[in-house]
Every structure is written in structure tokens, then in C-alpha cells.
Amino acid sequence: MIRQRAALDAMPSYKPGAIPQTDDVAKLSSNENPCEPLPSVVRAITGELAGINRYPSMAVPELRALLAERYDVDPLCLSFGAGSVEVLNQLIAATSGEGDEVIFAWRSFEAYPIVTVANGATPVQVPLLSDERHDLEAMAAAVTDRTRLILLCNPNNPTGATMSTAEVDAFLARVPSDILVVIDEAYVHFNRRPDSADGIDFFRRYDNVAVLHTFSKAYGLAGLRIGYAIAPLEVAENLRKVSVSFAVTALAQRAAVASLAAEAELDARVDELVVERERTVGALRAAGWSVPESEGNFFWLRTGTDTDAVNARLVEAGILVRAFAGEGIRVSIGSPEHNDRVIRVLSDLRQVAE
Ligand SMILES: *Cc1c(COP(=O)(O)O)cnc(C)c1O
């Protein structure tokens, strides 16, 4: 037996979305953007290929300058990573080690407990409210003198629920100012709630707030791996120290810059996905499903003990989703054709049940 860290024995393993076996499979299991990359983005990446014998710039200079200008923040408040999951790892590694606690809602993003335990820290998982929102009262009450980091997921993966500005203000008033609070906004572009908490606004107003953004979802760069945090200067400096060296490739940097240049086009696609989300959720509600309000590019069905049975029917119909046994099912919004298939299969199931 090789001596390894005992903490890893109890650690949940990350379950990747199922891999489609045929072209006809609707892969709605990883909240990916169903649209192909923009031609302008593909061209920009192609232009970088001739330089892949070189390491990328660790400073991420061009993208850093663009984002700093856009959000009107110090460029050194930014830390980049190979996807925001790597930046999440930086945030935990910089704040939390053996004996320290990381508070987050549960169920929420599957990476939270994994990255927490990988860094030797202890996850404190606070159950969601019955309407699928974060229980911010209970999360504030869970703070101890061992708490080093609090993660807020807005909108929450997998339930799609959001939190308002007023709710987050009330929460932060109860959190000691030396504990970092991270607002994970992986789905911010899909969020149409007018009074939703805005991460950058909180970053500006509080000295202990960081924001996590990704190019994976709305911008459709999941396969290239690039995300970033906007964090207080003292934190961002440490995030860069613990980051994986050269993790953000030149291709990813170039694609992100090209995406910002093509933002109007990308936003139009996001708008279409939001329309599809509302159409799909509306149709399922009309068929008798109870679907909580979602502000992400996915929706949530709390199928409870029926989860495996419902999931089996979806798989039979060539629809791959993320199922959490005994809890519920997260379905990503895909192409209109794939969403139609979801509506058809789930509506039929409802009729059989009645
Ligand atoms: C998808 C997702 C991410 C982003 O992952 P990347 O590593 O940037 O691809 C971060 N947080 C949440 C809540 C997510 O669902």
C-alpha cells in the first residue's frame, strides 16, 4: 500500500457528463453551449497554432487589460486559470488548509467539496431552502472561527436559483470582514433577474468579496479551459502564487480575447438560449411538472426517489442529463430540437403518471 492522504478516501469523485455514443444523442449533461464556436474565434485560435512551441504568457497581458478596463478594476485584481475550476482551487488553496472550513450551499456545484477536500480543508455544506435557494441565514450561522472561505453560487448550479442584492447585503453584514466570500457567477450571462446580486458590484463595495467568472458557458469555450477571479489585491496576489504555471494556454487567451471582440454575436446566442429555457420550462410546467425558476442555461427537476426511473427514460430517448440519485435531475438547455425531445419525453412521463 502506498501511503497517501487519508482525507482522499472519503472524497467524492468528479462524475463527468456521459459521453454520447451516436450523433443523435442530446448531450444535456454538462451545461455546455450547444452552438459551434464563432468563425472569428476559430480563426483567432488557428492564428496561434504556429506558436505552440512556446510557453504562453503567464501574465495573460491582453485579456487582463481588456477585463480590467471593462470592469474598471486594477489589472492585478485578476487571476486566471485553466477554467474557473482551477481558479476555485487557487481560492481555496490561498485561504484554507488543514483544519479550516469552507462553507457552501448544498446541493451546489459538484467541484466545491472535491476541491475543498483536495486542499485538506473541511467542507461545511448548508442545505438549500425548500424552494432551491441558498439558505443565507443558515450559512451565516455556520460561520465559526475556523471558517476561511464562503462560496455563493449565483445562479446556483444545479437548481438555477438566484439571490438578490438585498439578501447578499444582509448576509455580508453578518460575515466577519476577514473571511473571503466568493460569488461564483459561471451563469451570469443567462441571469435575467432584475434585482439579482451583481458580483462586481459586491466586489466594489466590500473588501472581502471575490467574483468567479468563466468563458466556458455563455462564451462556449468549455473545451479550451479559461476562467478568472476578480479578487481583492492581497488575495489576487496569492491566487497567482498558487496557480498552476502556464495553465492558461495561448490558444485559450486568444480565444477569450476574440470572444470579447465578438460579444454582440455571443450575446445574441445567449438571448436565444434564454428564450429556449423559458419555452422549455413553460412547456414542462404546462405538462404538470414543477420546475423551479432557473436563471442558468439549465433547469432542475426535484425528482427525489423517481430520479433513476426518470433518468432511465431520458437515456432511452437519447437524452443525457445530470442525475443525482434520490435528489433530482439537471437538464441543460440545448438546441431547439433537443429541447423539443426533452419536452416530449418528460411530458409523456407525466401523462403516464396520471
Ligand atoms: C461550469 C461551472 C464552472 C466553470 O467551470 P470551468 O472550469 O470554468 O469550465 C464554475 N462554477 C460553476 C458553478 C459551474 O457550474
Side-chain angles (χ1 to χ4, degrees), residues 12 14-17 27-34 37 60 63 67 78-93 102-116 118 123 125-126 128 132-134 149-163 181-191 196-197 199 210-231 239 243-244 247-249 251-253 255-256 259 266 270 273 277 294-300 321-322 324 328-334:
Y14 184 79
K15 289 181 224 67
K27 185 174 183 290
L28 305 177
S29 49
S30 296
N31 293 346
E32 294 155 337
N33 194 318
V60 194
L63 182 61
L67 291 170
L78 286 148
S79 179
F80 294 89
S84 56
V85 166
E86 202 245 311
V87 188
L88 174 71
N89 187 66
Q90 296 169 16
L91 286 158
I92 295 178
V102 178
I103 299 176
F104 50 87
W106 201 249
R107 180 164 288 277
S108 189
F109 186 33
E110 290 163 276
Y112 294 163
I114 296 170
V115 180
T116 300
Q125 306 183 200
V126 179
L128 296 171
E132 313 292 358
R133 292 181 305 129
H134 282 44
L149 184 67
I150 304 174
L151 302 168
L152 302 180
C153 192
N154 187 43
N156 186 47
N157 173 5
T159 63
T162 50
M163 48 200 99
V181 176
V182 174
I183 305 180
D184 183 345
E185 292 190 329
Y187 302 99
V188 65
H189 290 83
F190 302 100
N191 186 352
S196 172
V211 186
L212 198 54
H213 281 175
T214 178
F215 283 89
S216 295
K217 309 288 164 51
Y219 290 87
L221 297 183
L224 269 180
R225 318 304 304 127
I226 180 163
Y228 63 95
I230 298 177
L239 298 182
S243 68
V244 176
V248 184
T249 65
L251 302 188
Q253 296 183 34
S259 298
L266 289 169
V270 168
L273 287 167
R277 174 186 77 202
S294 173
E295 295 293 344
N297 63 341
F298 55 87
F299 63 90
W300 174 246
V321 298
R322 190 62 61 96
F324 301 100
I329 292 175
R330 187 196 70 199
V331 186
S332 308
I333 297 299

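It should be emphasised that the depicted structure is a prediction, and the values quoted were computed from it without experimental measurement. As the structure lists them, so they are numbered: ligands from 1, and atoms in each ligand from 1.
With hydrogens and angles left out, the side-chain atoms of Arg133 and Asn156 include no donor and acceptor closer than 3.5 Å. No side-chain N or O of Glu86 forms a donor-acceptor pair with one of Ser243 less than 3.5 Å apart. Ser196 and Asn154 form a side-chain donor-acceptor contact under 3.5 Å, judged by distance and modelled atom types alone.
Of all atoms in ligand 1, numbered sequentially from 1 with element shown, those under 4.0 Å from a heavy atom of Gly83 are 6 (P), 7 (O), 8 (O). Close contacts of ligand 1 with Ala186, meaning ligand atoms under 4.0 Å from a residue heavy atom, involve 2 (C), 3 (C), 10 (C), 11 (N), 12 (C), 14 (C). Atoms of ligand 1 found under 4.0 Å from any heavy atom of Asn157 (numbered from 1 in listed order, with element): 13 (C), 14 (C), 15 (O). Every atom of ligand 1 with a heavy atom of Ser216 under 4.0 Å away is listed here by number and element: 6 (P), 8 (O), 9 (O).
When atom types are taken as modelled, the side chain of Ser332 and the backbone of Asn31 share a donor-acceptor pair closer than 3.5 angstrom.
Around atom 11 (N) of ligand 1, the closest heavy atom drawn from Asn154, Asp184, Asn156 belongs to Asp184.
Of the protein's heavy atoms, Ser84 OG, 2.9 Å lies nearest to atom 4 (C) of ligand 1. Here the protein heavy atom with the shortest distance to atom 7 (O) of ligand 1 is Arg225 NH2, 2.6 Å. Of the protein's non-hydrogen atoms, the one nearest atom 1 (C) of ligand 1 is Lys217 NZ, 1.2 Å.
The ring of Tyr187 has its center closer than 6.0 angstrom to the ring center of Phe298.
For the pair Tyr187 and ligand 1, the shortest N or O to N or O distance falls below 3.5 Å. Below 3.5 Å of separation, one finds no N or O of Gly227 facing any N or O of ligand 1. Between Asn31 and ligand 1, a contact under 3.5 Å exists for no N or O pair.
For Tyr219, the ring pair (Phe, Tyr, Trp, His ring centres under 6.0 Å) criterion is met by His189, Phe215, not counting sequence neighbours. With sequence neighbours excluded, the residues satisfying salt bridge (Lys or Arg N to Asp or Glu O under 4.0 Å) with Glu32 are Lys27.
Proximity of Phe215 to ligand 1 is not established, as no heavy-atom distance is less than 4.0 Å. For Glu86, the heavy-atom gap to ligand 1 stays at 4.0 angstrom or more. Proximity of Cys153 to ligand 1 is established by a heavy-atom distance of less than 4.0 Å.
Considering every non-hydrogen atom in both Gln90 and Ser79, the closest pair reads OE1-OG, 2.6 Å.
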Fill in: Phe109 vs Asp184, side-chain contact (heavy atoms from CB on, under 4.5 Å): CA-CA, chis, key distance, verdict
CA-CA 10 Å; Phe109 186 33; Asp184 183 345; 4.3 Å; yes

